[in-house]
There are 2 protein chains.
Amino acid sequence: MSTMFYDPAGFTSRTSLGYLLKMAHAQMHSCAERIFAQHDISFVQWIALLKLREGQALTASDLCRSMCHDNGAVTRMLDHLEERGYVERRRSRQDRRVVELRLTEAGEHKLDELLPQVVARLNEVLNASGFSEAEFAELTHLLNKLLTGLQAHNALPEPGIGDST
Amino acid sequence: MSTMFYDPAGFTSRTSLGYLLKMAHAQMHSCAERIFAQHDISFVQWIALLKLREGQALTASDLCRSMCHDNGAVTRMLDHLEERGYVERRRSRQDRRVVELRLTEAGEHKLDELLPQVVARLNEVLNASGFSEAEFAELTHLLNKLLTGLQAHNALPEPGIGDST
DNA sequence: CGGCAATATCTGCCTCGGCAAATACTGCGC
DNA sequence: GCGCAGTATTTGCCGAGGCAGATATTGCCG
């Protein structure tokens with residue numbers, strides 16, 4: 001039923017998914033930040049703009065959820081983006097608790113300005129890493145699969161402790 | 001020669017490797033931290049102990065490199081681990097700049113105490129995500145491949161800007 | 001309407017990582 | 001030995017995220 005992917009005896013850091021993800025993320029992040037060093041927003045903030053345009057997030061909490069980001073951090077990020085004039089906040093009329101977010105012209109522009117650079121950088125890295133299209137597709141697929149499983153797993157209140165019912 | 005993995009036109013956050021890695025890492029991290037919440041060290045610190053025992057890191061700079069971690073952060077992490085009595089620092093006699101790190105008995109014990117829990121949690125998540133052994137092996141392989149490429153890419157001084165020579 | 005749980009957002013506090021400067025030491029050339 | 005470039009480590013500073021509490025608002029129930 002359940003597969004033993006890892007065994008305590010032969011467990012090494014270099015083969016551990018947690019470690020690999022941490023490293024890959026760190027390297028990818030610093031790789032991406034190189035592009036954004038010359039701009040007034042960060043990679044994460046750019047992703048937020050992208051999410052807004054994609055319509056995946058209309059409010060701050062949407063952004064929190066779809067980006068695995070903290071509430072407070074999102075508030076401050078939006079402050080930043082609003083100062084720069086890339087997004088607008090407007091209290092909803094229907095529900096005055098929520099703040100509707102909207103990408104401004106400048107935000108759209110910033111997004112489009114950076115899009116080709118990000119894409120180029122990603123392609124560059126994948127080529128340099130010697131990926132084939134099939135491998136790339138497979139990696140994307142598997143990461144999505146893992147992500148879905150992780151999200152489900154983390155949604156459980158106290159996994160593997162007192163849930164023997 | 002170079003493959004176009006991404007195209008500016010059809011680029012979405014949910015298919016972007018940067019985004020996927022960020023999300024997967026965040027979820028994996030919070031998943032792992034659940035185990036460590038009841039202990040006096042964090043997941044990252046545990047990895048450091050593991051690296052020490054594996055012999056992959058004998059000094060602080062070794063740890064920095066092999067964990068993609070900041071110099072200062074490692075110093076403070078070692079302060080923490082030393083306070084807890086899990087590692088010992090000793091100035092090298094050969095080169096008095098370097099600090100030799102050594103896992104203490106307590107450190108070994110802590111490592112062994114947590115190892116099965118970490119392994120179990122990883123297996124749990126992978127099973128819940130519906131991974132086959134082959135898929136798991138493939139994911140590990142592809143992540144390693146990407147990581148190697150990223151490290152090489154990031155080692156370059158100013159990639160893709162002024163290096164037309 | 002008034003109480004009350006739930007939700008959205010914001011704020012303050014804390015920790016941690018990234019960065020740069022400072023310190024200590026080595027090895028090399030003079 | 002002395003100066004100097006290079007390396008290992010430490011420290012201070014800053015920005016960002018996690019977490020808990022505060023505030024504002026809604027919807028529900030009586």
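Letters A, B, ... are given to chains in the order of the sequence lines, protein chains preceding strands, and every chain is numbered from 1.
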Q: Taking all non-hydrogen atoms of both residues into account, name the closest pair between Lys51(B) and Tyr19(A) and its distance.
A: NZ-OH, 3.1 Å
Q. Rounded to whole angstroms, how far apart are NE2 on His29(A) and P on dG15(D)?
A. 16 Å
Q) Just how far, in rounded Å, is P of dG17(D) from CD of Gln45(A)? A) 8 Å
Q.
For a quick check, tell me whether the side chain of Arg97(B) and the base of dT7(D) share a donor-acceptor pair closer than 3.5 Å.
A. yes
Q | Side chain of His69(A) (C-beta onward), nearest among dT9(C), dG17(D), dG17(C) | A | dG17(D)
(Q) Expressed as a whole number of angstroms, how long is the span from Leu58(A):CG to dA8(C):P? (A) 13 Å
Q: Check the angle between the aromatic planes of Phe11(A) and Tyr6(A) and answer parallel, tilted or perpendicular using the 30° and 60° thresholds.
A: perpendicular
Q | Which residue lies more 5' along DNA chain C, comparing Val44(B) with Gly72(A) via nearest heavy atoms | A | Gly72(A)
Q) Under 3.5 Å, is there an N or O donor on one side and an acceptor on the other linking the side chain of Asp70(A) and the base of dC19(D)? A) yes
Q) Which part of the nucleic acid does Thr59(B) contact within heavy-atom distance under 4.0 Å: base, sugar-phosphate only, or nothing? A) sugar-phosphate
Q. Within this structure, what is the CG-to-C1' distance between Leu78(B) and dT9(D), rounded to whole angstrom?
A. 10 Å
Q: Please figure out whether Ala26(B) or Arg91(A) has its closest DNA chain D nucleotide nearer the 5' end.
A: Ala26(B)
(Q) As a test of reading the structure: which of dT10(D), dT9(C), dT25(D) is closest to the side chain of Arg96(A), going by heavy atoms? (A) dT25(D)
Q. Is Asp79(A) salt-bridged to Arg84(A), cutoff N-O under 4.0 Å?
A. no
Q. Counting only distance, no hydrogens or angles, is the base of dG18(D) paired donor-acceptor with the side chain of Arg76(A) under 3.5 Å?
A. yes
Q: Take atom CZ of Phe43(A) and atom C1' of dA16(D), then tell me their distance rounded to the nearest Å.
A: 16 Å
Q | Parallel, tilted or perpendicular: ring planes of His29(A) versus His25(A), cut at 30 and 60 degrees | A | tilted
Q: Write down the distance between NZ (Lys22(A)) and C1' (dG18(C)), rounded to a whole number of angstrom.
A: 12 Å
Q.
Any base atoms under 4.0 Å from Asp95(B), or only sugar-phosphate, or nothing? Heavy atoms, all strands.
A. sugar-phosphate
**Q.** Interatomic distance where CG belongs to Asp79(B) and P belongs to dG17(C) [whole Å]
**A.** 12 Å
Q: Would you mind classifying the nucleic acid contact of Ser30(A) as base, sugar-phosphate or nothing, using non-hydrogen atoms under 4.0 angstrom?
A: nothing
Q: Please check the phosphate of dT7(C) (OP1 and OP2 only) for any side-chain N or O of Arg65(A) closer than 4.0 Å.
A: no
(Q) Assigning hydrophobic clusters by single linkage (Ile, Leu, Val, Met, Phe, Trp, Tyr; side-chain heavy-atom cutoff under 4.5 Å), is Val98(B) placed with Leu101(B)? (A) no
Q | Whole angstrom value for the distance that separates P of dT11(D) from CE of Met77(B) | A | 15 Å
